[in-house]
Amino acid sequence: MFRPRIPVNPLPTGLATPLVRPTTTTSDIEPTACHHNDAPAPVPATPHIQAPAVRLTPAGLVTVVAGSAGLVLIVGTVLVSMLLAVAVSAASVAVCAVVLRSLLNGQHKRR
């Protein structure tokens, strides 16, 4: 009951690769005479890739300006409406507090 159960897969799902790879020993390889220059190979210069510059046509510029202005107006409208909602809620809570205060003060004076 408390022993862990390890699932056993009867069929292999892929190629099995050994964990230890066989290596060749250097004693089997005979050294050969090397007749080349030991200077390092020249490193090829990496090509400088320049990002394409963004070029806007007059129509594209008008579109970008109009889109950003529209976005600013929409965000501003949403923020102002949220502020107005908070202000209206605060005013209604204040009116309720004044009415309750007057009602409670009126009950104390009648006794």
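Atom set for the values below is all heavy atoms of this structure, side chains included, hydrogens, waters and symmetry mates excluded.
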**Message:** Name the residue from Leu103, Val99, Asn105 that meets the side chain to side chain contact (heavy atoms under 4.5 Å, CB included) definition with Arg101.
**Reply:** Asn105
**Complete:** Heavy-atom closest pair (Thr63 atom, Ala59 atom, distance to 0.1 Å) is OG1-O, 2.8 Å
**Item:** Contact summary for Ser89 and Ser92, nearest pair of heavy atoms
**Value:** O-OG, 2.8 Å
**Nearest-0.5 Å distance that lies between atom CG in Leu79 and atom CD1 in Ile74** = 12.0 Å
**Request:** Could you give me the CA-CA distance, side-chain angles and deciding distance for Met82 and Val86, then say whether side chain to side chain contact (heavy atoms under 4.5 Å, CB included) is met?
**Result:** CA-CA 6 Å; Met82 289 173 59; Val86 169; 5.7 Å; no
